[in-house]
Trainee: 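Have a look at this one before I ask anything.
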Amino acid sequence: MRVPTTQTIHAPKLDEETDKLQTRLCRLVGQAIADYRLIEDGDKVMVCLSGGKDSYGLLDILLVLQRRAPVRFDLIAVNLDQKQPGFPEHVLPEYLTGRGVPFHIETRDTYSVVIRLIPEGHTTCSLCSRLRRGHLYRIATEQGATKIALGHHRDDIIETLFLNLFYTGKLKTMPPKLRSKDGRHVVIRPLAYVREQDLIRYAALRAFPIIPCDLCGSQEDLKRREIKAFLQERERRSPGCSDSVAAALSNVAPSLLMDRSLFNFDSFGTMEQAAGEGDAWLDEEPADSH
């Protein structure tokens with residue numbers, strides 16, 4: 001179902017608390033867009049809307065930036081109705097119509113596929129995500145979207161880093177911008193600098209009609225929940241450590257790691273490769289290390 005909209009319905013004036021938070025979120029999203037060229041003039045951005053706080057927040061902030069940004073870009077909200085039992089089909093169309101946002105609702109019974117293939121009691125999120133991704137790529141092509149915007153925030157990115165570090169032996173996470181394997185689609189994460197706690201608060205202030213993500217009965221992956229709890233405990237013990245982890249993701253020293261594909265350890269004739277990276281033995285120790 002596709003509903004074209006020609007008139008934007010403006011939201012009422014925000015109270016001071018909401019306006020202040022919205023301003024900060026716009027600044028962070030705008031900075032991520034500028035740093036990684038996530039959105040460019042003439043783009044048509046397909047915002048993947050699940051009905052959760054993150055995707056609602058993403059759409060809301062992009063709508064604000066669409067009015068203020070120096071570049072022109074279009075937005076279309078897309079939801080994949082996977083026929084999960086109890087899914088409230090009316091919620092998103094009513095919300096998007098009220099906001100004056102063009103949208104497309106795609107109905108695909110991936111729920112039955114997942115239930116058939118995944119043994120009872122096991123987490124279904126991984127297969128569900130892969131099936132959803134394939135449909136979203138197809139829809140992006142059909143809608144003429146040049147960018148696919150996902151609602152992953154800074155905490156998601158940090159958690160994924162530690163999941164890969166602890167369980168896959170890879171030092172990687174979800175980047176703010178990537179190209180699909182077939183080269184046809186560009187996926188962007190404009191919330192890359194935004195904390196989850198701010199999105200929780202913003203969703204409450206904006207009273208988004210949240211649709212729970214556990215309608216299928218599947219629980220969030222246990223490992224991710226453990227990593228989230230681990231990071232929350234570290235932040236409680238050492239306030240600001242999550243800021244340091246986030247900063248480290250864009251402050252990489254290849255010569256001080258062990259990946260031979262990133263740094264030529266066989267030939268030290270070109271030492272400029274390591275310029276500015278320092279020496280691990282000489283780095284200044286944290287002030288509270290003694």
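Heavy-atom basis, side chains included; hydrogens, waters and symmetry copies ignored.
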Trainee: Parallel under 30°, tilted from 30 to 60°, perpendicular over 60°: which one fits the rings of F208 and Y56?
Mentor: parallel
Trainee: Name the residue from R99, R67, K53 that meets the salt bridge (charged side-chain N to carboxylate O under 4.0 Å, His left out) definition with D60.
Mentor: R99
Trainee: In a check of side-chain contact (heavy atoms from CB on, under 4.5 Å) between F103 and each of V78, L49, L92, T97, which one passes?
Mentor: T97
Trainee: Is any side-chain N of the basic residue among R236 and E233 closer than 4.0 Å to the acidic one's carboxylate O?
Mentor: yes
Trainee: So, R195 and E235, do they make that salt bridge, N to O below 4.0 Å?
Mentor: no
Trainee: Among R154, H152, H153, find the one that has a side chain to side chain donor-acceptor pair (under 3.5 Å) with D156.
Mentor: H153
Trainee: Of the non-hydrogen atoms in L65 and G30, which two are nearest, and what is the gap between them?
Mentor: CD1-N, 4.2 Å
Trainee: Just by modelled atom types, is the I157 backbone N or O under 3.5 Å from a matching donor or acceptor in the T173 side chain?
Mentor: yes
Trainee: Who are the side-chain hydrogen bond (donor to acceptor under 3.5 Å, both in side chains) partners of Q31, not counting sequence neighbours?
Mentor: D35
Trainee: For residues 69-79, which residue pairs qualify under side-chain hydrogen bond (donor to acceptor under 3.5 Å, both in side chains), counting only residues two or more places apart or in two chains?
Mentor: none
Trainee: Starting at NE2 of H185, measure out to CG of L178 and round the result to the nearest 0.5 Å.
Mentor: 12.0 Å
Trainee: Taking the six-membered ring of F166 as reference, does the cationic atom of K223 (NZ for Lys, CZ for Arg) lie under 6.0 Å from its centre and within 45° of its axis?
Mentor: no
Trainee: Look only at the side chain of K228 and the backbone of D155, and say whether a donor-acceptor pair between them is shorter than 3.5 Å.
Mentor: no
Trainee: Sort and list the pairs that fulfil salt bridge (charged side-chain N to carboxylate O under 4.0 Å, His left out) and have at least one residue in residues 162-183, not counting sequence neighbours.
Mentor: none
